[in-house]
> 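Structure below; questions to follow.
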Protein chains: 2
Amino acid sequence: MSKAKAGSADIVSFTPDMKAGTRELPAHELIYRQLRELILFGEMRPGEAVTIQGVCDSLGAGMTPVREAIRRLTAEGALEFMGNRRVVVPELTVDSVNELIFARQAIEPQLVVRATERMTDEGLEELSTIDAELDAAIAAGDLQSYLKQNYRFHARLYAMAEAPILAAVADGLWLRFGPSLRVVCGRVGTQNLPDQHHEALAAMRAGDAGAAAKAMREDVIQGMEQVRRVLSTQRSD
Amino acid sequence: MSKAKAGSADIVSFTPDMKAGTRELPAHELIYRQLRELILFGEMRPGEAVTIQGVCDSLGAGMTPVREAIRRLTAEGALEFMGNRRVVVPELTVDSVNELIFARQAIEPQLVVRATERMTDEGLEELSTIDAELDAAIAAGDLQSYLKQNYRFHARLYAMAEAPILAAVADGLWLRFGPSLRVVCGRVGTQNLPDQHHEALAAMRAGDAGAAAKAMREDVIQGMEQVRRVLSTQRSD
DNA sequence: CAGGGAATAATTTGATCATATTCTGCCGGC
DNA sequence: GCCGGCAGAATATGATCAAATTATTCCCTG
């Protein structure tokens, strides 16, 4: 059975001590998360082509895990499968934004209602912490941090709703507009961003699920409207 | 910037017959579709374990395409990744059904509204044809055909809405309850299944988007309520 | 004689497979 | 009853083949 496959058989002996602790997550999972973050926080521009071998090089990974990660991201809508075998970061159109507005305002308030019903003191504290960091990012004009904290705020809220399917849907929607958020925010400036998080937090603290849902709905709509506004003034070059 | 060197469908002066006609899809795409159908129409039971090598054997494919297909389906929620590297067809819980009810009744009426606004005569005819086959399947008690035609009806409708994101979300939801539909229908019998498709078709024919949406909403709710009823009486596990 | 278009050649990239390696769960021996 | 080997399955790599895009060159036309 053993082949006379000459060559690369000896590089394998490079095993420091990975056996002990670092072996927690499979490689494709790590690649997936890294790529997801890159996409979500706008480090890959909309329209940019994503090649398998390019990712292999830049992340220093094998081909199979990268393939799986890309496949997974395309299934989630974070990447788009353009015709032949070209994969790109999707560019938002006005139509897409309209769909996203509808879907988000339909789903997310419900998640907030459920999260409010299940809210704990620790949860409130965690959300407040994130929101404080978000405010700090806005004050500092730190776009990168703003995007991350804003996402974290919503993601934590989804998780607290204990509705895995709805949370997955909402999360998937986020992946679709994440890449363009950076472009939009860069154009609008962090100062003018909507932030209904304080209202939502106050309502959740008071246990008023309806008010929390309303605040979140407005946060969503305002944010997405801003995206739509930028997109519709930005003629395709 | 120019979006297309794409297209130009027919520069086939050389390679006359092979290239133009049979568009050979990549293997992983084929595997994905086959697996998706198997899951969607209940040919894999909820709770059943899906092993890579098992799929390799049963579909006679290599390992890499199967891996990608499975990864994609897990990303869509059609398969579930259970802790260890075990992948199973998810079993619906009452909580999941409640989430699905909410999500579907939030999304699908909007798709129907959009489809109605864009409806053409050919579209109406196509939907009527599918619905007739659906009725025939119900009359014949052909569960397999019922499931397929029912899905086709909805899927075609989604496509006509020209809302790719909403359609993708709705399609993803369908994948989550598809496997359990067969179990439920097997228990309830095809006769008692809800069918608001006639009302929806009539409303679409009349161009009454609101009425069409209402009919679809009732179809969705009735169907999912039936699933919930069966699940909540089925305590045996 | 020069410029443009098309066909071909070459490089780049994607798809698939065979194979090695690791991990998990199980079974038998002590 | 516990520990260690064994088998099966999944992860991951590299090689290899096919397809496509790009670039170059040649020929035709103005």
Side-chain angles (χ1 to χ4, degrees), chain A residues 1-34 48-74 79-88, chain B residues 2-16 18-34 48-74 79-88:
Chain A
M1 289 10 174
S2 59
K3 300 304 170 211
K5 263 313 172 50
S8 51
D10 40 13
I11 311 179
V12 194
S13 51
F14 206 64
T15 55
D17 62 352
M18 55 171 65
K19 220 171 186 178
T22 42
R23 226 9 172 193
E24 302 218 356
L25 289 175
H28 63 83
E29 183 72 27
L30 293 175
I31 305 288
Y32 166 76
R33 296 189 186 185
Q34 289 180 59
E48 181 176 341
V50 176
T51 75
I52 292 182
Q53 302 191 348
V55 175
C56 285
D57 290 346
S58 74
L59 295 189
M63 193 172 246
T64 313
V66 170
R67 281 181 73 76
E68 293 184 38
I70 288 181
R71 203 65 69 190
R72 206 167 146 190
L73 288 164
T74 38
L79 293 174
E80 201 174 355
F81 191 73
M82 292 291 283
N84 282 328
R85 28 215 239 192
R86 206 115 200 157
V87 173
V88 301
Chain B
S2 65
K3 48 170 28 171
K5 41 216 29 187
S8 62
D10 37 23
I11 312 177
V12 275
S13 37
F14 41 89
T15 63
M18 264 328 233
K19 208 165 187 180
T22 35
R23 190 66 170 180
E24 201 159 336
L25 291 168
H28 61 81
E29 184 72 28
L30 293 176
I31 305 289
Y32 167 75
R33 294 188 188 186
Q34 290 180 55
E48 183 177 339
V50 177
T51 74
I52 293 180
Q53 301 193 344
V55 176
C56 286
D57 291 345
S58 74
L59 296 188
M63 194 172 253
T64 313
V66 170
R67 281 178 74 77
E68 292 184 39
I70 288 181
R71 203 67 69 191
R72 204 167 146 191
L73 288 164
T74 38
L79 293 175
E80 201 174 355
F81 190 72
M82 295 291 282
N84 313 342
R85 6 211 246 198
R86 206 121 201 151
V87 173
V88 299

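Protein chains get the first letters and strands the later ones, always in sequence-line order, with residue 1 at the start of each. Computed from a predicted model, the values in this text were never measured in an experiment.
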> Do you know which two heavy atoms are closest between B:Ile52 and B:Arg67, and how far apart they sit?
CD1-NH1, 3.5 Å

> Please report the distance, rounded to the nearest Å, between CD in B:Glu68 and P in D:dA10.
16 Å

> Please give, in whole Å, the distance from D:dA10 P to B:Arg86 CZ?
8 Å

> Using whole Å, report how far CE of A:Met82 lies from P of D:dA20.
16 Å

> What is the separation between atom CE on A:Met63 and atom P on C:dA15, rounded to the nearest whole Å?
9 Å

> Within the structure shown, what part of the strands sits under 4.0 Å from B:Thr64 by heavy-atom distance: base, sugar-phosphate, or nothing?
base

> Indicate yes or no: at least one non-hydrogen side-chain atom of B:Val66 is less than 4.5 angstrom from one of B:Leu59.
no

> Starting at the 5' end of DNA chain D, which residue's closest nucleotide do you reach first, B:Val50 or A:Gly60?
B:Val50

> Among the candidates C:dG14, D:dT11, D:dT21, find the nucleotide nearest to the side-chain atoms of A:Pro26.
D:dT11

> Can you tell me if the side-chain N/O atoms of A:Arg67 get under 4.0 Å from OP1 or OP2 in C:dA15?
yes

> Quick check for you: to the nearest 0.5 Å, what is the distance between A:Leu30 atom CG and A:His28 atom NE2?
9.0 Å

> So, is B:Arg71 near the phosphate of D:dT11, with a side-chain N or O under 4.0 Å from OP1 or OP2?
yes

> What integer distance in Å separates A:Tyr32:OH from D:dT11:C1'?
19 Å

> About how many Å separate CG of B:Leu73 and CD1 of B:Ile31, when rounded to the nearest 0.5 Å?
11.0 Å

> Describe the nucleic acid contact of A:Ala61 in one word from base, sugar-phosphate, nothing, applying a heavy-atom distance below 4.0 Å.
nothing

> Could you please name the option among D:dA10, C:dT16, C:dG14 that lies closest to any side-chain atom of A:Thr51?
C:dG14

> Distance check needed: C:dC23 C1' versus A:Glu29 CD, whole Å only.
17 Å

> Check every atom of C:dG14, D:dA10, C:dA15 against the side chain of B:His28 and return the nucleotide holding the closest atom.
C:dA15

> Any Lys/Arg nitrogen of A:Glu68 or A:Arg72 sitting under 4.0 Å from an Asp/Glu carboxylate oxygen of the other?
no

> Does B:Gln53 contact D:dG8 through a side-chain donor or acceptor facing the base, at a distance under 3.5 Å?
no

> Can you check the A:Ile52 CD1 to D:dT21 P distance for me, whole Å?
15 Å

